[in-house]
*Asks:* 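Structure incoming, see below.
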Amino acid sequence: MLENTVMLSQHGVAFLSASINMELYMPAYAVGIINETRLSGAIRDYLEHIDATLQPYLGRFIIHGGPYLPLEGEPTGDLIVIEFPSLELASSWYDSPDYRAIKPLRMENSVGIVFLAPGVPPAHRAIDILV
């Protein structure tokens, strides 16, 4: 169960705190692998507005581009990973009016792939995929 609470920081700024039952927690991720970005005013507008679209869905950036430390092969693009508390919230964010309003700014000025991926529960073990 996810319960949201508005809290006040020591600096007087309100923020959303999530109380999560970790046994039921199954995060989800919006993943982008961007191979080309045309830096423009449109991309700047997109970057200035995306954070506000994430907040109502409790989304937060986990990875936002490089630099990378290559271990096996060379990265072919910039990796972007945004975490959400659930696949439902991730999907709702992607389909939200606020995100749909800025999505063309990214799509018209970059080349890559974007997808949603479910996470795994905290007790997940590698062998679980074979069950």
Side-chain angles (χ1 to χ4, degrees):
M1 168 184 258
L2 177 66
E3 296 177 12
N4 298 324
T5 307
V6 176
M7 303 186 76
L8 200 60
S9 75
Q10 65 183 11
H11 302 290
V13 177
F15 65 95
L16 196 57
S17 172
S19 174
I20 300 170
N21 179 341
M22 289 308 287
E23 291 176 10
L24 302 176
Y25 184 61
M26 182 85 85
Y29 302 91
V31 179
I33 303 170
I34 308 301
N35 298 312
E36 177 186 330
T37 301
R38 291 176 287 288
L39 297 178
S40 65
I43 285 294
R44 182 178 194 83
D45 287 346
Y46 175 83
L47 293 172
E48 287 175 351
H49 291 94
I50 189 171
D51 292 312
T53 72
L54 296 170
Q55 290 173 353
Y57 303 93
L58 304 177
R60 67 183 187 101
F61 281 94
I62 300 297
I63 300 171
H64 199 183
Y68 305 105
L69 177 61
L71 299 175
E72 298 178 21
E74 288 292 323
T76 60
D78 285 322
L79 178 64
I80 294 97
V81 179
I82 303 170
E83 182 181 51
F84 294 88
S86 69
L87 191 56
E88 180 182 3
L89 284 171
S91 183
S92 294
W93 162 75
Y94 188 80
D95 294 331
S96 70
D98 288 340
Y99 187 66
R100 281 197 322 254
I102 65 168
K103 185 169 45 173
L105 300 174
R106 175 188 51 79
M107 293 180 72
E108 294 168 7
N109 292 282
S110 65
V111 176
I113 62 171
V114 174
F115 55 92
L116 298 179
V120 296
H124 177 81
R125 299 173 316 147
I127 194 73
D128 292 346
I129 66 167
L130 300 179
V131 177

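Heads up: numbering here begins at 1 and tracks the sequence.
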*Asks:* Does some side-chain heavy atom of Val31 sit less than 4.5 Å from a side-chain heavy atom of Leu79?
*Replies:*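 The answer is yes, as the side chains (C-beta and beyond) meet within the 4.5 Å cut-off.
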
*Asks:* Minimum heavy-atom separation for Ala42 and Asn109, please, with both atom names.
*Replies:*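 Looking at all heavy atoms of both residues, the closest pair is CB-ND2, 3.5 Å.
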
*Asks:* Any link between Leu87 and Phe84 through a network of hydrophobic side chains (Ile, Leu, Val, Met, Phe, Trp, Tyr) touching at under 4.5 Å?
*Replies:* no

*Asks:* Looking at CG of Leu130 and CZ of Arg125, how far apart are the two atoms once the value is rounded to the nearest 0.5 Å?
*Replies:*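 One gets 10.5 Å once the value is rounded to the nearest 0.5 Å.
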
*Asks:* Would you be so kind as to tabulate the donor-acceptor pairs closer than 3.5 Å made by side chains of residues 94-107, with sequence neighbours excluded?
*Replies:*
{"from": "Tyr94", "atom 1": "OH", "to": "Lys103", "atom 2": "NZ", "distance (Å)": "3.4"}
{"from": "Ser96", "atom 1": "OG", "to": "Trp93", "atom 2": "O", "distance (Å)": "2.7"}
{"from": "Ser96", "atom 1": "OG", "to": "Tyr99", "atom 2": "N", "distance (Å)": "3.2"}
{"from": "Tyr99", "atom 1": "OH", "to": "Tyr46", "atom 2": "OH", "distance (Å)": "2.8"}
{"from": "Tyr99", "atom 1": "OH", "to": "Arg106", "atom 2": "NE", "distance (Å)": "3.2"}
{"from": "Arg100", "atom 1": "NH1", "to": "Asp95", "atom 2": "O", "distance (Å)": "2.4"}

*Asks:* With sequence neighbours excluded, what pairs up with Tyr68 under the ring pair (Phe, Tyr, Trp, His ring centres under 6.0 Å) test?
*Replies:* none

*Asks:* Any side-chain to backbone donor/acceptor pair from Arg38 onto Val111? Under 3.5 Å, distance only.
*Replies:* no

*Asks:* Quick check for you: to the nearest 0.5 Å, what is the distance between Asp78 atom CG and His64 atom NE2?
*Replies:*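 Spacing of CG (Asp78) from NE2 (His64) equals 8.0 Å.
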
*Asks:* What's the spacing between Ile43 CD1 and Ile34 CD1 if we round to 0.5 Å?
*Replies:* 8.5 Å

*Asks:* For Tyr57 and Thr53, work out which heavy atoms get closest and say how close.
*Replies:* CD1-O, 3.4 Å

*Asks:* Any chance you could measure Ile113, atom CD1, to Ile33, atom CD1, to the nearest 0.5 Å?
*Replies:*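 Ile113 CD1 to Ile33 CD1: 4.0 Å, rounded to 0.5 Å.
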
*Asks:* Using 0.5 Å steps for rounding, measure from the CE atom of Met26 to the NE2 atom of His124.
*Replies:* 9.5 Å

*Asks:* Between CG of Leu54 and CZ of Phe61, what distance do you get to the nearest 0.5 Å?
*Replies:*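 Reported value, rounded in 0.5 Å steps: 5.5 Å.
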
*Asks:* For Glu88, does the CD atom sit with more than 12 other heavy atoms under 6.0 Å from it, leaving out its own atoms?
*Replies:*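 No - once you tally the heavy atoms of other residues, nucleotides and ligands closer than 6.0 Å, there are 12 at most.
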
*Asks:* In this structure, would Phe115 and Val81 fall into the same cluster of hydrophobic residues linked by side-chain contacts under 4.5 Å?
*Replies:* yes

*Asks:* Can you name the residues that form a ring pair (Phe, Tyr, Trp, His ring centres under 6.0 Å) with Tyr29, not counting sequence neighbours?
*Replies:*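 Not a single residue meets the ring pair (Phe, Tyr, Trp, His ring centres under 6.0 Å) criterion with Tyr29.
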
